[in-house]
Protein chains: 2
Amino acid sequence: MSRAYLDHASSSPLRPAALEAMLPYLTGAGADPGRVHSDGRATRVALEDAREAVAGLLGARPREVVFTATGTEAVNTAVYGAVARADPGVRPHVVTTAVEHSAVLESCGRADADVTVVGVDGRARVAVTDVLAALRPDTALVNVQLANHEVGTVQTALAALAGETRARGVLLHVDACAAAGHVPVDFGALGADLCSVTAHKFGGPKGAAALLVRRGVRLPPFVVGGAQERARRAGIEDVPALVGFGAAAAELSADDRLAREASVARAQTDRLVRAACAVEGVTQLGDPDDRLPHLVCLAVEGVEAEPVLLGLDQRGVAVHSGSSCSSEALEPSPVLAAMGVDAERSLRPSVGWSTTDDDVTMFVEAFPEVIGKLRALRA
Amino acid sequence: MSRAYLDHASSSPLRPAALEAMLPYLTGAGADPGRVHSDGRATRVALEDAREAVAGLLGARPREVVFTATGTEAVNTAVYGAVARADPGVRPHVVTTAVEHSAVLESCGRADADVTVVGVDGRARVAVTDVLAALRPDTALVNVQLANHEVGTVQTALAALAGETRARGVLLHVDACAAAGHVPVDFGALGADLCSVTAHKFGGPKGAAALLVRRGVRLPPFVVGGAQERARRAGIEDVPALVGFGAAAAELSADDRLAREASVARAQTDRLVRAACAVEGVTQLGDPDDRLPHLVCLAVEGVEAEPVLLGLDQRGVAVHSGSSCSSEALEPSPVLAAMGVDAERSLRPSVGWSTTDDDVTMFVEAFPEVIGKLRALRA
């Protein structure tokens, strides 16, 4: 049976262009790019080319790109570094929104810092005024995501917020892990100090991610013990994965590819939403307009998420529900709780570079049947 | 020109069996192994199979294996966790040897802990009595490497030490990153609580490493924000790389392969040493007998390391000098300093699974010429 993989927002298949770029680094000497011999210098060149491609996609300078293994590590690095660089002797204050990824919430929670969590409206949108009202003289860091990983809502007021935090000398970290590669990210124009991105959510390899660090911001390293990444992240660079990251970024940067893929994704998810919401008791969560093009969140009345997932899976359709990283237990989503909606009955289909209209058709056909059957069982 | 890559101890080329195992996960759906749909469950199975293979090679239980991106991250996780789990309100005490990798030294240095550095003898060997003398009632962690990454000396008294630390309720972390895959590592028999290993130094992929955590030891996570690795390391699993790690481990576990490769490596490095030490003013550093089979360290009188490296490189031979992670600057090696030898004039050739006797011949022929020319220039 052919399958429709509609879970790109969890992880996207690797783009063929990325794999092709990686293969020479999976079959060659594989030298450490920090070595002075020719083999090392060759991998160094590949690594720096990848850095330039990633910077190019994201409107950053190459030197602003600190490669990490995961978006989660990038987020940990941002929060750890911002707290560690605060004045010694003063317990710093950190602001986050209630709908950040668990990597942000848990990094803040374990930091030696006071934490203020700013709420959101019913569409997961944070108000700039609420963030500003949370600032204190000892605030070291503000975390606001570019777009939500579960409901897709884009935080449209980020640039306005960045102007305010910059004026106050407070670092702004933007988690763009769900957004990068799906909507334009211009780190320079955004005005943020720190920005987390990950490759595997837009068809780059797993094991490749980055923290963008604005020029002039000195951030103590989170992973210590080596001078890699200009002493901002220790440990041998995963050159094959980072080369793949660069190739995926380069593909999206060329020929208006990002905009074209986003337009296809938007049409596909619009069709998904229309079909799903034609079923009684199904509604769309998050902002229906200012949202990521490739993911939508559906609230399904009267049935639990897990049997819906399994029913769709039996019909060859892979989708996800709930929070991006509380997967195994299908725990209630803190994002949906913060929005004030029932967290147990949500579904998150998402599309990507490899999604065909036939994949969407499989969902459109299977979804009403699965919901109908489950409701009939329940009645 | 054919090249002789004699820098396996920095990073080894990927084994073909590892690449072959990885390819299906680089070309398939690439689903998140935390997802409940079929695609996610398939990657979960692959991940757990890899864990079992890695555990098998290292004499650990699969559940004792916490996958990380790098050996450096594994070391950071060990040190962070051991300090974080100490009694709150008490600043804990940590012991390390002077010849640990910079990942251990810097992790200890930035921890909220008192640090005692135990010295070594001229062959980089630490005495159990010296480690025990450094213990205090508030000691939370002792770090001793399995074998040195620069001179190859094996710490033969680790099992004896483990018995003592266990009896005192102090965690013992063994950094086996340089050793794993080259000498047998039996985590269960060793008696250590924590053990760091990395794949890329024995022909596994970059981006794959592990911290072994003894059953019953609860270690707070270093990278937070997700329940992966049984809530011991957050962030999406790099399934292709970890599958490659598993395949490399499985290859070494079968048919006595590790012992056979070690025997070839020992013969090759013995030949390297004999040829090099036939040149006047060249001596071997570290323990000539109880050493890793695949790497040797040479002290070269009267010439700096960098021109030797470059001279060998021009003749097609890639070797390394100095500390494994202070590469770009060719900084003086703290390991050699601790041994009381001149740190500026050392060379570290290393062999691995792909090294041929012809590669060794290239070194054997080039080395005396390069040294001779450099000394002639200097005279």
Side-chain angles (χ1 to χ4, degrees), chain A residues 3 5 7 10-14 19 22 26-32 34-40 69-73 75-76 101-107 110 200 205-207 223-228 234-241 306 309-310 313 318-320 325-330, chain B residues 3 5 7 10-14 19 22 26-32 34-40 69-73 75-76 101-107 110 200 205-207 223-228 234-241 306 309-310 313 318-320 325-330:
Chain A
R3 287 186 59 82
Y5 182 73
D7 194 14
S10 291
S11 198
S12 198
L14 187 60
L19 177 57
M22 292 167 74
L26 292 168
T27 53
D32 181 335
R35 296 296 176 249
V36 297
H37 48 59
S38 306
D39 306 278
T70 62
T72 294
E73 185 197 328
V75 167
N76 275 256
H101 188 276
S102 54
V104 173
L105 296 173
E106 292 186 26
S107 289
R110 74 99 170 255
H200 78 98
K206 290 167 186 62
V223 183
V224 298
Q228 290 90 350
I236 189 151
E237 303 90 339
D238 186 349
V239 172
E306 187 154 2
L309 289 188
L310 295 176
D313 190 54
V319 301
H320 179 56
C325 275
S326 60
S327 48
E328 282 177 67
L330 284 177
Chain B
R3 287 186 60 80
Y5 182 73
D7 194 15
S10 291
S11 198
S12 198
L14 186 60
L19 177 57
M22 293 167 73
L26 292 167
T27 53
D32 181 335
R35 295 296 176 250
V36 296
H37 47 60
S38 306
D39 305 279
T70 62
T72 295
E73 185 197 328
V75 166
N76 275 256
H101 188 276
S102 54
V104 173
L105 296 174
E106 293 186 25
S107 288
R110 74 99 172 257
H200 77 99
K206 291 168 185 62
V223 182
V224 297
Q228 290 91 350
I236 189 153
E237 304 90 341
D238 186 349
V239 172
E306 186 153 2
L309 288 189
L310 295 176
D313 190 54
V319 300
H320 178 56
C325 273
S326 59
S327 49
E328 283 178 66
L330 285 177

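Letters A, B, ... mirror the listed sequences (proteins, then strands); counts begin at 1.
- Interatomic distance, A/D313 CG to B/R35 CZ, rounded to the nearest 0.5 Å: 13.0 Å.
- If you measure heavy-atom distances from A/D39 to chain B, the contacts under 4.5 Å come from both the backbone and the side chain.
- What you find for B/S102 and A/G226 is that their closest heavy atoms are OG-N, 4.3 Å.
- Of the two parts of B/L26, the backbone and the side chain both hold a non-hydrogen atom closer than 4.5 Å to a non-hydrogen atom of chain A.
- With sequence neighbours excluded, the residues that form a side chain to side chain donor-acceptor pair (under 3.5 Å) with B/D7 are A/H37, B/S10, B/R348.
- Considering only residues two or more places apart in sequence or on other chains, A/S11 meets the side chain to side chain donor-acceptor pair (under 3.5 Å) condition with A/H200, A/K206.
- Looking at A/A31, the atoms closer than 4.5 Å to chain B (heavy atoms on both sides) sit in the backbone and in the side chain alike.
- In this structure, the portions of B/A234 lying under 4.5 Å from any heavy atom of chain A include both its backbone and its side chain.
- Only the backbone of B/V319 comes within contact range of chain A, with heavy atoms under 4.5 Å apart.
- In terms of heavy-atom pairs under 4.5 Å with chain B, the best-connected choice from A/P240, A/A318, A/A69, A/S38 is A/S38.
- With rounding to the nearest 0.5 angstrom, the CD atom of A/Q228 is 8.5 Å from the OG1 atom of B/T70.
- Using a 4.5 Å cut-off on side-chain heavy atoms (C-beta onward), B/V224 and A/N76 make contact.
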